[in-house]
Chemist: 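One structure, as structure tokens, below. Some questions next.
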Amino acid sequence: MSDEKVRVRIAPSPSGNLHIGTARTALFNYLFAKKMHGKYVLRIEDTDLDRSSEEYKQNIFDSLKALGLNWDEGPDVGGQYGPYKQSERFDIYPKFAQMLIDKGYAYECFCSNEDLDKEHEEAKAKKIPYKYSRKCLNLTKEQKDELKAKGIKPSIRFKVDYKELVFNDLVKGELKFDTSLIGDFAIMKSNGTPTYNFAVVVDDMLMKISHVIRGEDHISNTPKQILIYEALGATVPKFGHLGMILAPDRSKLSKRHGATAVSDFIKQGYLTEALLNFVALLGWAPSDGVEIKNVDEIAADFRINEISSSNSIFEYEKLNWMNGQYIKKMDISKLTDLALPFLNKYDTSKYSRDMLERIIEVTREPITLLKDLENDTQYFFEEPKLDEVKELLSTDLSKKVLEKFKNDVKDYDFNNEEEIHNKLADFRTYFKEQFGFKPKETMWAIRAALTGRTRGADMVAIIVILGKDEVIKRLNNV
RNA sequence: GCCCCCAUCGUCUAGAGGCCUAGGACAACACCCUUUCACGGUGUAGACAGCGAUUCGAAUUCGCUUGGGGGUACCA
């Protein structure tokens, strides 16, 4: 093992909210850094000014932080290799581009978009793979000056020579490319800003990134980037390419499949812990078979070379199950804090904090999303509507049960929950022995009268939370 | 079109030549528990894409086919 410090980065482009796939890439970078005791940096790739926005940038920050994927260096926290926003680094790219020109690795190109479009069309018509014609490769100084005098601003192209390029991918293994298939590609746009491939390499080099872990949609960029590293005389980092996350129809996960942004998931009531845990399982498997694990546990067990190299499909079933598991286990005070925003259509002020926690405690069991709480806690806040249980309440059984319950409950000691529990048990036994009513039928009658439903939280808890006055009031309303 | 990546139950995966009559998780189904829904427990069903090759032996190696994904920009 070398002494080289492990430095990884996550480099989102602020042209949309933080995508769940980007979040997974961030997670794997974070896990790797943690496991290797390295640094994890955030860099904002906003070279495309038109598509980048402050709002998206903020969403990316917020989402990453909500997930707990905090960075060691980044635009807001700084670091010794900043700035960490590409738009603030525009002055450094031209220098390196010039250096490449001077060394003969790059050249100025005066072709217009129309010229280039024409080349594309011709290649298409001839059914041959497109490669830049190199029309501007051998322009003389006079020709260039003339063009510049006309006001034409050149782009800068990297000169790609034939070479068999091989690199060892951390997750895919040995990858080979024939660079003669790659045309001379642009590294600087005519407007003076760098292209993606160039900016990434310059930044990763300057930020001393040791391992580049990213989606496999970048595989075909990798040979270009390696060529640039070599021309720059820089150390080539190790690359690791992760399979993509696909929608159930095997297409790219996009908005039409539902939520794609981390913030969307949070809005629906997914817990960030569950989201992270679930997404980690897309491509990675725990060595002990225990799937529910927090980030620290996952990091300790993380082996980048054992990540699955295939794509995986994002299915909600397991995420939902996992979210439910986290909801059941979460500290009740913390859960209540998270749940309250989903209850804002109710007047929650009628209950004390303790009582609110109690309400969440007794309703959390069957839910998969925090959003479900809105419906499941309704009867604690509002008078029940009896429409759906009308039939149930009109049976002979229900009438018998409620008549007795109405009478008995007056004597219940609402400060003694255990006693209520026992009395209800006796109550069920009484009806079973006297009339042969099934215990659940007996309880259904009470539940329907008190909540307007046939399912819900524990009956004893409901009675205690509602309180004697409210219970009697609701009983009288039937 | 060309280049690249990938291929085990419906889904996520374990599996690095004999431990595999392929294991686990979610979902499904059945039963048990039970004051409802759930949780939990037990069990059932369910996969090595196809074809060749190597080998005493292949889910595991190699090739081809097929299928899926990605790329092919002065987007990132």
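Proteins come first, then strands; the chains are lettered A, B, ... in the order of their sequence lines, and each starts at number 1.
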Chemist: A/Glu315 and A/Pro248: which non-hydrogen atoms are nearest, and at how many Å?
Modeler: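 Distance-wise, the nearest heavy atoms are OE1-CG, 4.1 Å.
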Chemist: Whole angstroms only, please: what is the CD-C1' distance between A/Glu122 and B/G1?
Modeler: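 Computing the A/Glu122:CD to B/G1:C1' distance gives 17 Å.
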Chemist: How close or far is atom C1' of B/A76 from atom NZ of A/Lys189, stated in whole angstroms?
Modeler: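 The answer, rounded to whole Å, is 9 Å.
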Chemist: In whole Å, measure the gap between the P atoms of B/C26 and B/A38 for me.
Modeler: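 Taking atom P in both B/C26 and B/A38, they lie 16 Å apart.
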Chemist: If you pin A/Ser13 and A/Lys127 to their nearest nucleotides in RNA chain B, which one's is more 5'?
Modeler: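 The residue whose closest nucleotide sits nearer the 5' end is A/Lys127.
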Chemist: With the sugar-phosphate defined as primed atoms, P, OP1 and OP2, and the base as all remaining atoms, what B/S/- string results for nucleotides 28-47 of chain B, 5' to 3', for protein heavy atoms under 4.0 Å?
Modeler: -------BBBBSS-------
Chemist: Considering only NZ, NE, NH1 and NH2 on the basic side and carboxylate oxygens on the acidic side, decide whether A/Asp46 and A/Lys57 come within less than 4.0 Å.
Modeler: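 Salt bridge absent between A/Asp46 and A/Lys57.
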Chemist: Heavy-atom nearest nucleotide on RNA chain B for A/Lys176 versus A/Thr47: which residue maps closer to 5'?
Modeler: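 On the 5' side of the pair lies A/Lys176.
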Chemist: Quick check with a 6.0 Å cut-off and a 45 degree axis cone: is A/Arg157 positioned over the face of A/Tyr132's six-membered ring?
Modeler: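 The answer is yes; both the distance and angle limits are met.
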Chemist: Between A/Asp203 and A/Tyr93, do the side chains contain an N or O donor and an N or O acceptor separated by less than 3.5 Å?
Modeler: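 Short answer, yes.
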Chemist: Among B/C74, B/G24, B/U13, which is the nearest nucleotide to the side chain of A/Ser312?
Modeler: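 So the nucleotide nearest the side chain must be B/U13.
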Chemist: Tell me: CD of A/Glu317 to C1' of B/G10, nearest whole Å?
Modeler: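 Atom-to-atom, A/Glu317 to B/G10, this comes out as 9 Å.
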Chemist: Could you give the NE2-to-P distance, from A/His241 to B/C6, as a whole number of Å?
Modeler: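 In whole Å, B/C6 P and A/His241 NE2 are 12 Å from each other.
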Chemist: Is there a side-chain polar atom (N or O) of A/Ser310 under 4.0 Å from OP1 or OP2 of B/C5?
Modeler: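 Indeed not, no polar side-chain atom of A/Ser310 lies that close.
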Chemist: In whole angstrom, give the distance that lies between atom CG of A/Leu282 and atom C1' of B/U13.
Modeler: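 Distance check: A/Leu282 CG to B/U13 C1' gives 10 Å.
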Chemist: In the structure shown, which nucleotide is the Watson-Crick or G-U wobble counterpart of B/A22, with both distances under 3.5 Å?
Modeler: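 When the pairing criteria are applied, nothing turns out to pair with B/A22, so the answer is none.
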Chemist: Once you apply the 3.5 Å cut-off to both distances, tell me the Watson-Crick or G-U wobble partner of B/C29, or none.
Modeler: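 For B/C29, the partner nucleotide comes out as B/G43, under the 3.5 Å rule.
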Chemist: Is any side-chain N or O of A/Asp46 under 3.5 Å from a base N or O of B/A76, one able to act as donor and the other as acceptor?
Modeler: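 Looking at the base of B/A76, it does not pair with any donor or acceptor on the side chain of A/Asp46 (distance under 3.5 Å).
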Chemist: In Watson-Crick or G-U wobble terms, both distances under 3.5 Å, what is the partner of B/A7?
Modeler: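 The base-pairing partner of B/A7, which may sit in any strand shown, is B/U66.
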Chemist: Does B/A76 have OP1 or OP2 under 4.0 Å away from a side-chain N or O of A/Arg51?
Modeler: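 Answer no for this pair, as no side-chain N or O of A/Arg51 is under 4.0 Å from OP1 or OP2.
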Chemist: Using the C1' atoms only, state how far B/A45 lies from B/G57, rounded to an integer number of Å.
Modeler: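 To the nearest whole Å, 31 Å.
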Chemist: Just wondering, do A/Phe431 and A/Lys400 contact through their side chains at under 4.5 Å, heavy atoms?
Modeler: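 Yes - at least one pair of side-chain heavy atoms lies under 4.5 Å apart.
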Chemist: From the options B/C74, B/A14, B/G68, select the nucleotide whose nearest atom is closest to the side chain of A/Ala285.
Modeler: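 Nearest to the side chain of A/Ala285 among the choices is B/A14.
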Chemist: Donor-acceptor pair under 3.5 Å: do we get one between A/Thr195's side chain and the base of B/C74?
Modeler: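 Checked by distance alone, the answer is no.
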Chemist: What's the gap between B/U8 and B/C62 when it is taken at their P atoms, as a whole Å value?
Modeler: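 Going atom to atom, P in each nucleotide, I get 16 Å.
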Chemist: Atom CD1 of A/Ile313 and atom C1' of B/A27: how far apart are they, to the nearest Å?
Modeler: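 After rounding, the reported distance stands at 14 Å.
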Chemist: Please state whether the phosphate of B/A73, meaning OP1 or OP2, lies under 4.0 angstrom from any side-chain nitrogen or oxygen of A/His120.
Modeler: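 A/His120 to B/A73 OP1/OP2: side-chain N or O found under 4.0 Å.
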Chemist: Within the 4.0 Å heavy-atom criterion, would you say A/Cys111 contacts the bases, only the backbone, or no part of the nucleic acid?
Modeler: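 Base contact.
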Chemist: Check every atom of B/G70, B/A76, B/C12 against the side chain of A/Glu291 and return the nucleotide holding the closest atom.
Modeler: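 Nearest nucleotide to the side chain: B/C12.
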Chemist: Verify the contact: side-chain N or O of A/Lys172 to OP1 or OP2 of B/C4, cut-off strictly under 4.0 Å; return yes or no.
Modeler: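 Result: no.
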Chemist: Please state the P separation for the pair B/C3 and B/A59 - nearest whole angstrom.
Modeler: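 Those two atoms are separated by 32 Å.
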Chemist: For A/Phe28 and A/Phe302, take the angle between the two ring planes, folded into 0 to 90°, and tell me which bin it lands in: parallel under 30, tilted 30 to 60, perpendicular over 60.
Modeler: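 Rings of A/Phe28 and A/Phe302: tilted, as their planes differ by 30° to 60°.
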Chemist: Name the pairing partner of B/G1, where a pair is Watson-Crick or G-U wobble with both distances under 3.5 Å, or state none.
Modeler: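 B/G1 is paired, partner B/U72.
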Chemist: Which of the following nucleotides, B/A76, B/A7, B/G68, is nearest to the side chain of A/Asp48?
Modeler: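 That would be B/A76.
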Chemist: Taking the side chain of A/Leu175 as its heavy atoms from C-beta onward, which of B/C74, B/C5, B/A76 lies nearest to it?
Modeler: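 That would be B/C5.
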Chemist: Measure up the A/Tyr412 and A/Phe414 rings against each other and bin them: parallel (under 30°), tilted (30 to 60°), perpendicular (over 60°).
Modeler: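 Aromatic pair A/Tyr412/A/Phe414 classed tilted.
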Chemist: Are A/Cys109 and A/Pro154 packed together at the side-chain level, in the sense that at least one heavy-atom pair is separated by less than 4.5 angstrom?
Modeler: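 SC-SC contact between A/Cys109 and A/Pro154 ruled out.
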Chemist: Taking atom C1' of B/A76 as reference, at what distance in whole Å does atom CZ of A/Arg89 sit?
Modeler: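 So the CZ-C1' distance, A/Arg89 to B/A76, works out to 16 Å.
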Chemist: NA contact type, A/Gly183, heavy-atom cut-off 4.0 Å: base, sugar-phosphate, or nothing?
Modeler: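 The residue A/Gly183 makes no contact with any strand.
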Chemist: What integer number of Å spans the P atoms of B/A30 and B/U72?
Modeler: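 Between the two P atoms, the distance is 50 Å.
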Chemist: Only pairs with both distances under 3.5 Å count, Watson-Crick or wobble alike; so what is the partner of B/A53 in this structure?
Modeler: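 Partner of B/A53: B/U61.
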Chemist: Could you let me know what B/A16 is paired to, Watson-Crick or G-U wobble, both distances under 3.5 Å, or none if it's on its own?
Modeler: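 For B/A16, the partner nucleotide comes out as none, under the 3.5 Å rule.
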Chemist: Once you round it to whole Å, what is the distance between C1' of B/C74 and CZ of A/Phe158?
Modeler: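 Taking CZ of A/Phe158 and C1' of B/C74, I get 17 Å after rounding.
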Chemist: Can you tell me how far C1' in B/C48 sits from the matching atom in B/G10, rounded to whole Å?
Modeler: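 Pairwise C1' distance, B/C48 against B/G10, rounds to 16 Å.
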Chemist: What do the steps show when you test A/Ser398 against A/Trp444 for side-chain contact (heavy atoms from CB on, under 4.5 Å), and what is the final call?
Modeler: CA-CA 8 Å; A/Ser398 296; A/Trp444 264 331; over 6 Å; no
Chemist: Among B/A7, B/A76, B/G69, which nucleotide sits nearest the side chain of A/Leu246?
Modeler: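 The answer is B/G69, which lies nearest to the side chain.
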Chemist: Does NZ or CZ of A/Lys404 lie under 6.0 Å from the centre of the six-membered ring of A/Tyr430, at an angle within 45° of the ring axis?
Modeler: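 Relative to the ring axis of A/Tyr430, which defines the angle, A/Lys404 lies inside both limits.
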Chemist: If you look at every heavy atom in A/Ile60 and A/Ser13, which pair is closest and at what distance?
Modeler: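 The pair with the smallest heavy-atom distance is CD1-O, 4.0 Å.
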Chemist: Taking B/A27 as the reference, what is the distance to B/G63 when you measure between their C1' atoms (whole Å, please)?
Modeler: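 Here B/G63 and B/A27 have their C1' atoms 38 Å from each other.
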Chemist: When the P atoms of B/U34 and B/C29 are considered, how many whole Å apart are they?
Modeler: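 Going atom to atom, P in each nucleotide, I get 23 Å.
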